[in-house]
Amino acid sequence: MTTEARSARAGLRAIPGLVLSLAAVVAAACATGSSSATSPAEPEKVVRIGIQPIAQTDPALISSDSEVLIANQVYDYLIDIDESNRLAARLATDWSVSPDGLEYTFDLAQGVTFHDGSAFTARDVVWTFDRLRDPASGYPTADLYSGITDIRAVDDHQVTFTLLKTNPFFLFDLADNHALVLKADTAFPDRGFNGTGPYRVVEYVPPDRIVMEANTDYFAGAPQLDGLEITFFADTSSAVEALQGGQLDFIMGLSTPQYDSLTQADGVQTQIVDTNGFVAVRLRTDRSPGNDPRVIQALNLATDRQSLFEVVRRGYGSVGASSPIGPVYTDYFDPSASPPPRDPQAARALLEEAGYKEVLKLDMYMLNTGDYPDLGAALKAQWAEAGIDVSLQLVPEGVYYGEGKWLDVDLGITGWAHRPYPQFYLDVMLVCGAKWNESHFCDPEFDRLAGLAGSTSDLQTRASAYRQIQQILVDRGPLIVPYFFAQFGATSERVQGLKLKPFPGRTDFRNVSLAP
Amino acid sequence: MTRASTPAPLLEVQRLTVAYTRAGRSYDAVRQVSLTVQQGESYGLVGESGSGKTTLALSVMRYLPRSAAVRGGRVLLNGADLLTLDAKAMRRIWGRRIAFVPQDPHTSLNPSMRIGQQLGEGLSTDGLDQRQARQRALSLLADVHLPDPPRIAECYPHQISGGMRQRVLIAMAISREPQLLVMDEPTTGLDTTTQASILDLIRDLVRRRSMSILYVSHNLGVVAQMCDRVAVMYAGELLEDAPAARLYARPLHPYTQGLLDSVPRLGQNKRRVRLRGVAGRPPSPAETRSGCVFLARCPLAIDLCNDAPTLFETAEGHTARCHRWKEIEAGSADPRQPASRKAGPPRTPTIGREVLALQDVQVHFPLRRSLADVFSRRIRRVRAVEDVSLSIERGFALGLVGESGSGKTTLGLTILGLVERTSGEIHLLGKPLPSVIAGRSPGTLARMQMIFQDVDESFVPTMSIAEILRRPLIRLSGSPPDEASSKAISLLEAVHLPPEFADRFPSELSGGERQRVAIARAFASKPEVLVADEPISSLDVSVQAAVLNLLNDIQVVRDSGLIFISHDLAVIGYISDVIAVIYLGRLMQVAPAAEIFEPPYHPYTEALLSAIPLIDPRGKQERIRLQGDAPSPVDVPRGCPFHTRCPRFLGNLCKEVDPPEQRTASGGMIRCHISLDELKAVQPRVFAFSSPVEGSG
Amino acid sequence: MSRYLVRRLGFVVLTVFLTSIVIFSVIQVLPGDVARVILGREAGQAAVDQLRQELGLDLPAPVRYLRWIADFVRGAWGESFSLRTAVLPLVARRLSNSLLLAAVVLGLAVPLSVGLGVMAGLRQDSFLDNVVSMGSLALVGLPEFVTGLVLIQVFALQLGLFPASSSLADSSGLGGKIAQLILPSLTAALVLLGYLARLTRAQVIEESGKPYVRTAVLKGLPRRTVILRHILRNALMPTVTVVAISFGWLLSGLIVIEAVFNYPGLGSLLVFAVSRRDLPVIQAISMLAVVGYALANLSADLVYAALNPRLRLE
Amino acid sequence: MSASQGGRSRFRQAVAILFQQRSSAIGTSITLIFVLAALFGPVVAPYGLNQQLTSATFQPPSLAHWFGTDQLGRDVFSRVLLGARDILAFAGVGTLLAIILGATIGLFSGYTGGVVDEIIMRAFDGLLALPAMLLALLLLASLASSDLSVIIVLVVVYTPIVARVVRSVVLSVKELAYVRAARLQGEGLGWILYRAILPATYPALAVEGALRFSYAIFLIASLGFLGIGFQPPSDNWGMMVSDARQLTSAAPWALYFPAAAIAVVVVGVNLLADGLKRIAQTPPDPRS
C-alpha cells in the first residue's frame, strides 16, 4: 500500500515534472542554437532582407527577382543597368565598337579577385559567355546570344565579342539578368557561390535563409555594410509584418495594398519605381474562339483599362493599351495609339455577331500570387457585363510555367518583367513563331517592322517602326495590357542609399548604408 | 427485538419527497414517505423498478444525483436531520455512522486502485497509521470470508470475481462499525449460490455487530430471508409496512398481495396452479396521478379510491395505504387478482411425440485474442457445451437451469443455429438439422423460434410493431404483405394486446407488453420448437406472471415444444415438465418437474435449491453453501466438473473420473459417482414452507 | 505487458508500412513535370528529358516504391529536387525546429488546460466552468490562422512586444529566438488548450458520476482525497494519452501556424515542397509525420498501459 | 398514438433537449442561421461576390456596408454571406458522402468480421496515421484544383473515421437480440445491415456527422488560407482572410469578418454536436 500511495502521488507530481522537463528541452534547444549563433560585441551593420524563396542559384537559370537579387550580390555583370535604364560600367570599365558595328571590345577592371581568392581574367568572361550562348546547353540566353560568332580574350584584361550582324541593343543584351560572370570551368555553378561580387555567401540554408558578408576586397571598393541576411518568406504579407515589427530592413515585390499600408506605417520608408513591367491579358489567336477577330475586339471593348489600373494598382504606374511598349520608353512610346473606350454593349453585340448568343464561357489562367487574383477578379466583373463568363484558374508558378501551361491555354494573364529596351518583348512574344508567343500571334507586317527595329542602328527609323507596331497592336493585336506597373519596395528607417530598380532583383547594395 | 425495548429509533424518514428534473420537467420519485428503522433492525424496502426505493436509499445517504432534489421532509439519524447538514458534516457521518453497499460491484470500486488501499483509506481518516490500517484491512477481508486476504489486498478490482468484489464492498461498509448499513440490491446480478453466501455473510455480520440495515431490493425472497420488517413501495409511495412474517402471511394491500402472487414458489408447477400476478402495467414516473397510486391495477378499486388513501395503522406496527384494508383483513374482500384461465391438463411425456433431439452436442469457441496468438497457435478454447443429449416432446416444456457461464444460453443458440456446434447431431422432427442458420431453409427456420431475455433489445427500435410482426409472416410463412398485416393484428390479439398497438414503436411499450410482442413474433411462423431465454428476468415482478402465463397458454394451445432457459429454479420448476440442470456445459441432472425438488438430488441441484431465498420468512431450508466461484469454461476441471465445489466431494474418484449418468425410475438422470440410493439416504428435503403452498408437488 | 508491447510495436510497423504505400501512391499522381520544375521555365526540353532519366522518373511505380522504401530505411533520403541539397539534414533541421515549437506548445498548454479543465469539471455549471467551457469552445472554433494573425496584430505590431515573424535567423541570437517562439507557440497552445481543457473537463465530469466515486465519498473521505486519488487518477488517463498523441498532431498540425509565422519547421517546408513538387522532401516529411504519429500513439498506449492496471497486468 | 406521432414525439423531445440547454440552443440557432444564409444568401446579399464598387474601396463598416468594403470595393458582408453557401455545401456534401461511404463500410466490415474486417481496418489505420491536414495537402497537390478535389479530400480523410465509429456500434449491436431475431427470420444481409443495424448507429452518426462537419469547415477554411484547392476570387472564408492579410492596417474588417464567420459557425456546429450527443444519451420520453 505504501508503494502504491507513493506511485499515485508520483503520478500527480509527474505533471509539473513534465513541464520542467519540457522547459529543459526548450532551454537545451535554445542553448545549442545559440552556440552556433554569432554574438557580436558591437552591432554589425547587417541589412536584413525578406524575399520569396528561390529555386535557382545558377546564374544561367535564375529568373525570379529573388534569384537575381542574390546572384547580383555574389556575382558581377560585365555591364550593369542603372535605375534609369541606362548602361553602367561594372566589370567592364570601358568599351568600344568597330565601325561596322560587328566587333565590341571591352576593357576589364584590374585587380579583381573571386571570393575563392583567384584572380579574375578575360578568360572567365569568355568561358561565361561561351557557356551562356551554347545552343546545346538549353540555357535561355542561347537565343539571345545566337548573334555572337566569337568571343576572344585579347589579353587578361581585354575581351572582344564578334557579331554576325549589327545589333543596336547588344550592350543591353550583355547586361541581361543571366549574364553574371563566373569563374572559368566552374563545374557546378548551382552548388556554390564563387563570384567577384560585393558580398560573399557565408551560409546558405535552403529554403530558410542565405547569409552574406561584405567582400572587403571588392574591386570597386568595399561595401559600406558588414553583410546581408536574407530570409525567405513564402508569404509576402508575413514579410511586411516582419518589416513593421522591426525584424527586416528591406522587402520588395509588394502588392498595392501592402505598399499603401506601408506608406502610412511608422518606421518604414517606401520605395516606388515606374517600370515597363506589365501584365498581358491575351487570347490565343490560332484557334477558336480567339481566331475570330471580333472576339478579341469584344474583349477589348469589355475592358476598362483605366479602371483596372486604378482599382488593382491604385494608380501606381501607368495605364496600358495594347502593346508592350510603355511610357517608360520615352523615345518609342506613342500615346496616340490607344484602344477604343469601353463599351460592353458593343462588345456583347460583337460576340452575338460572332455566334456567342447567350454567353461566352472562358477559363482564365494566371498565377495565384501578387495582384493577379485581384486583376482576375476585376476583369471577371467587367467582362461579365459584356456577357463573358470567365472562370478564374489560379495556378502556382511551378505549374503555370513549369508545365508550359501558359503557352498552351486559350486565355491567360502573364506578367512580363521590366526590360531596359522594348525589342525583347516583340522578338520573344509577338513575332510569328517566337519562343514565348503565348498568343500565337502571327502578322507579316508586324514581323517586318519588328525586324527592322531590331536591326537598324538609326534611332528615328526604329522609333517610327515602334510607333507603327503600337498602332497595329491596337488595331488587330492579341493583347490587352491593363497597365504598366510600378515596382514597390520598402525599407526600415535606418537603411540609407537604397534605390529600387525597375527590375527589383537588380537592386544594388554596394552603396547602401545603415544610419547609426 | 421488540419495539418497546428500543424507544429511540435509529433512523426516521419523515414525509420525504424527492423530485427529479428531466428534460425540463420535474416529477416525484419519492412522495411523502415515512419509515422508521430501529436499532439493530433489518428493514426491507421492496419495490419494482421506478418505485423510488433506490432514490429513498440515496436520500438517506444524503447523496442524490444532481438532477434530484429533496422537496420536503426530514431524514433523522439519532434524531439529527441529515438533510440540514453540509458535506463537511456528512463526511463525519458517512462510513462512520451510516455506510452504503451499492448494487453494482463491478463499477463501485476504483478500477485503478488496489483493494487493500481502497479498504484502508477510509480507516486512515480515523487516525490509523498505514500499518494499522493495513492490518485492519486484512482482518476485514478475512471477516467477509475472502480467501488469502494478503493476496486479495494486492489485487485490483478487475482481478477478482463479482461476488468477491461485493464482499470487499461489504467489508468497506462495515470497516468503521457504522450503526446503519444502507444496502441497495447488493446481490442483484450475482449467481444464486453466490447470493446465498453473501446473504449469509450479511446476516452474520449484522447479528454480531448489532448493526441496523435498510435493505432495498426487488426480490421478495431475499427480503423475506433478510429482514425483520418489510415495507412495500410503489410509484414513489409507501403502500404497506409490517413485520416481515406478518406481511408475507397476511398482506393488507392488494398490491402486496399481487406482488406475492406474481412469483411462483419453489415447487409450484403450472399444471397444478396458475399464477395471478398483477394486471396492467406499472405507471411511468411522469404520469400525473390523483387518488390511490394503485387504482388502475387494483381488483378492489371503488369510487373512494379516487381520493388518495392515507397510511392506515391496521395494527401495532402494521400500516397499509388502502381504504379497504379492514374488508381485506376480515376476508370480506379478496385482494387477489382474478385468475384468468385454467391451466392445461397434466401430461406425461410419451414416446413418439419427440420434436427435437440433441445427441452429444458440443460447442467450443476458440478464444482468439490477436493475430499473434493465431500464429503462435496458442488458441485456448471455451468449452461452452459438452456432450449434451436431450429430447423435447411436442406440447411439453423443457426447463434448462444453470448459473451464469453454465452454457445454457449457448445451448439454446446452438439449437437455433445462431452458434455453430463443434460436434454432435440435432434432429428436428427426425431430420438432421444443419449446424448454422445459413444452411437452413426458411421452412426449417419457421419451425424453430426464440424469445430473448432483454426486452429492450429484442426489436429494431425504428420499426413499428406491425412491421415487426409482419416480417416473419412474410419471410417464413410466405404470407402476401396485405394478408400479413391482418395476421399481425390477430397475433396481437392472441397475446392480449389491442390492435392499435400495431402502429406503435417498441419504445412506446412497457417491458411486459414488449415481451408479449416478442411472444407473438416467435409464434408467428407457427414453430414446432420455441426457445425462451430468460424471458421474464428483465421484467418487473408484477408483470412476470402474466407473461409466463401467456407463454404457457400459447405453447399449450399450439402444442409446440418449449425450451425454457432460466437461472431461477422456482420459475423453471413452475413452467417446465422436464428440468435439466446444467453446470459448466454439462447436464448434471435431468428430471421431471416434480422430481427435481425431492431427493435424490444431484449435489449441485441440492446446493441450488438451498441457495434460493424462500418467499417465506418462516420457511426452513438446509444450509448448503458452495465454496468459491465456478471455474471458467476455459479451464473446466477434469473428472466431474463440479468436484471443485461439491459439498459431497468423494476424493480422487471425482477428480479423475467422469461420473456416470445414473437413470432414475421416471427416466431422469443424475450424473454423479454417488449412487442414487446413497444420495437419497443422506439427503433430506432441502426446503420447507411454513405453511402448505398451493399447487406444490 | 511485454506481449502488449510487442503487439503495439508490430502495429506501429504495420501502420507505417501501410501508410508508406498510401503516401507513395498519392505522390505518384502529383501533376507537373518534376524535371521541368527543377530546371525552371527557361530550360530546354532535351535537358528536361535527360534529368527525368537521371531521377529515375521513367521507371515503373512498384520499382520506384521498393527503391524508395529501401533507401528510406537506409537513411538515404535523396536530394531535394528544388533545393539541390540532401533531404535528410534539411528535414532533420526542420524537424528539430518543429519539435522545439511543439515542446514549447505542450509546456504552455498542458498544465494550463489540465488545471482549468479539472477546476471546471469539479465545479460543474459554476461561473468558472461556464467561462472555461465557452472559452475553450471558442478557442477550438477559432482557426489557427485567425488566432495567429490577431496575435501578430496585437502583440507584434500594436504593442511591439514580440517578433511578428519567426524565421529563427542567426542574427537574432538566443533572446531573439526565444522571443520568436512566443507567438507561434501561443497560437498553437491556444488551440490545444481549448481541446485539452474540454476533454479534461468532460472526463472529470464523467468520472465524478461513476459509482466508485460515490463509494469513495460515502466512505467519508476528505474531498481532496476523493478528487486526487479517485477522480483525477482515472479522469486524467485519457488526457495523458491525448497529450502524447497531440505531440504527433503538432508535428503536422503546425502547418498553418508555421505558414502564418514563416516558422522554419516541417509544416512550412511541406507547403513549400508541395508547391515545388519536391517529391523527396514531400515523401520524407510525410513519412516522418507518420512515424512520429505512430510513435506518439505508441507512447500514448504505453503511458496508458502504465497508468491502467487492467492493461498493465494483462 | 400513431406511428408518425411516435416518431414526432421523439423529434419533439430531441428539439426540446436541444433548446433546453442554453449552449446547444445557441449552437442550433447559429447553425440554422448559417444554413439559411447558405440557402438564401444569393437572394439576400446586397451585392455580388465579385461586384466591385470602384468608388467605394476601403470603406469601414457602415449602414451601407455592414462589414465594410475591401481594396476592390467589394462589399465584405455580401462576400461573407455568399461564402456561407460554398463552405457549408463543400463541408456538407463531403461529410455526407464520407458518412454514407463510411457507414456502409463500417456496417459491412463490422458485421462480417474476420479477415475482411481485419484488412479494411488495417488499411484505414494506415490512412488515419496521416494527419488530416497532411493527407489533404498531399491529395490536393496531386489532384487538379477543383471543387471535386476538395470533396474527394474530405471523403478520403473522414470515411475511415466514420467507418470506425459505425463499426464499433455494429460490434456492440450485432450480437443483440433483434439482430439474432432477424437472422432467425431468414433476413438477408442487406436487410440486417440497413434495416436492423443501421438505425442503431444513427445517434453516433449524428454526433460524428456534426463533428466532422465542423472539422470539414475548419479544414476547408485552412486550405483556403493556404491557397490550396481553392481559386480566388473564392468565397472561401479562409482565402478571404488570407487575401485580406495585406489589408490588416488599411481595411482590417475585410480580415476579421470572414475570420469571425469561420469561428462562429465552427463553434455553433460544435455546440450542436454537444446537443446531439445529449439527445443520443437521453432515453425516450417516459410519457410516451
Side-chain angles (χ1 to χ4, degrees), chain B residues 22-25 27 50 284-287 371 413 416-419 436-438 440-446 448-468 471-476 500 502-509 518 521-522 524-525 527 531 533, chain D residues 1-10 12-21 25 113-115 117-119 121-122 172-189 191-203 278-279 281-288:
Chain B
R22 213 173 88 184
R25 276 194 322 272
Y27 58 90
S284 93
E287 271 171 37
L371 280 173
L413 295 175
L416 288 161
L418 289 164
V419 163
V436 287
I437 277 188
R440 300 183 184 180
S441 67
T444 309
L445 290 177
M448 299 172 67
Q449 283 296 316
M450 183 163 181
I451 297 168
F452 298 91
Q453 171 173 8
D454 196 329
V455 288
D456 298 330
E457 293 164 357
S458 287
F459 310 108
V460 178
T462 50
M463 281 170 67
S464 70
I465 302 302
E467 184 88 31
I468 287 166
R471 288 307 295 183
L473 291 168
I474 294 170
R475 297 286 308 179
L476 298 178
E500 58 264 28
D503 291 335
R504 294 202 186 170
F505 286 85
S507 62
E508 298 171 274
L509 270 53
R521 174 175 65 184
S525 61
V531 176
D533 182 12
Chain D
M1 188 188 289
S2 75
S4 57
Q5 272 176 328
R8 222 180 293 145
S9 87
R10 178 77 176 130
R12 227 178 289 128
Q13 187 200 359
V15 172
I17 294 170
L18 272 186
F19 281 91
Q20 162 204 335
Q21 197 153 3
V115 183
D117 180 44
E118 191 83 1
I119 290 173
M121 284 305 126
R122 291 294 82 77
S172 70
V173 159
K174 77 173 185 181
E175 298 297 338
L176 288 190
Y178 65 82
V179 178
R180 288 184 160 154
R183 293 174 64 197
L184 283 177
Q185 265 160 229
E187 302 288 1
L189 180 65
W191 196 93
I192 291 179
L193 290 185
Y194 287 97
R195 294 297 309 276
I197 298 181
L198 183 64
T201 68
Y202 288 161
R278 233 181 359 262
I279 293 176
Q281 287 163 351
T282 309
D285 197 314
R287 274 180 319 169
S288 60

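Order of the sequence lines fixes the chain letters, A, B, ..., with proteins taken first and strands second; residue numbering starts at 1 for each chain.
Using a 4.5 Å cut-off on side-chain heavy atoms (C-beta onward), B:M463 and D:Y178 make no contact.
Interface check for chain D: of the options B:I474, B:L416, B:D454, the most heavy-atom pairs under 4.5 Å are formed by B:L416. The choice from B:T462, B:D533, B:I465, B:I468 that makes the most heavy-atom pairs within less than 4.5 Å of chain D is B:T462.
At a heavy-atom cut-off of under 4.5 Å, chain B is reached by D:R195, D:A196, D:P199 from residues 193-201 of chain D, listed in order of number.
For B:P461, the part sitting under 4.5 Å from any heavy atom of chain D is the side chain, from C-beta outward, and nothing else. Heavy-atom distances place the side chain of B:R521, and not its backbone, under 4.5 Å from chain D. Interface remark: D:E187 contributes backbone and side-chain atoms alike to the contact with chain B (heavy atom separation under 4.5 Å).
Partners of D:L18 according to the side chain to side chain contact (heavy atoms under 4.5 Å, CB included) rule, which considers only residues two or more places apart in sequence or in another chain, are D:S24, D:T28, D:L272, D:I279.
B:G417 and D:R183 make their closest contact through O-NH2, 4.5 Å (heavy atoms, listed as atom of the first residue, atom of the second, distance). Shown here for B:L476 and D:Q185, the closest heavy-atom pair between the two residues is CD2-O, 3.5 Å. The heavy-atom pair separating D:A177 from B:S458 by the smallest distance is CB-CA, 3.8 Å. Residues D:L176 and B:E457 come closest through the heavy atom pair CD2-OE1, 3.1 Å.
Atom CG of D:L184 sits about 12.5 Å away from atom CZ of B:R475, to the nearest 0.5 Å.
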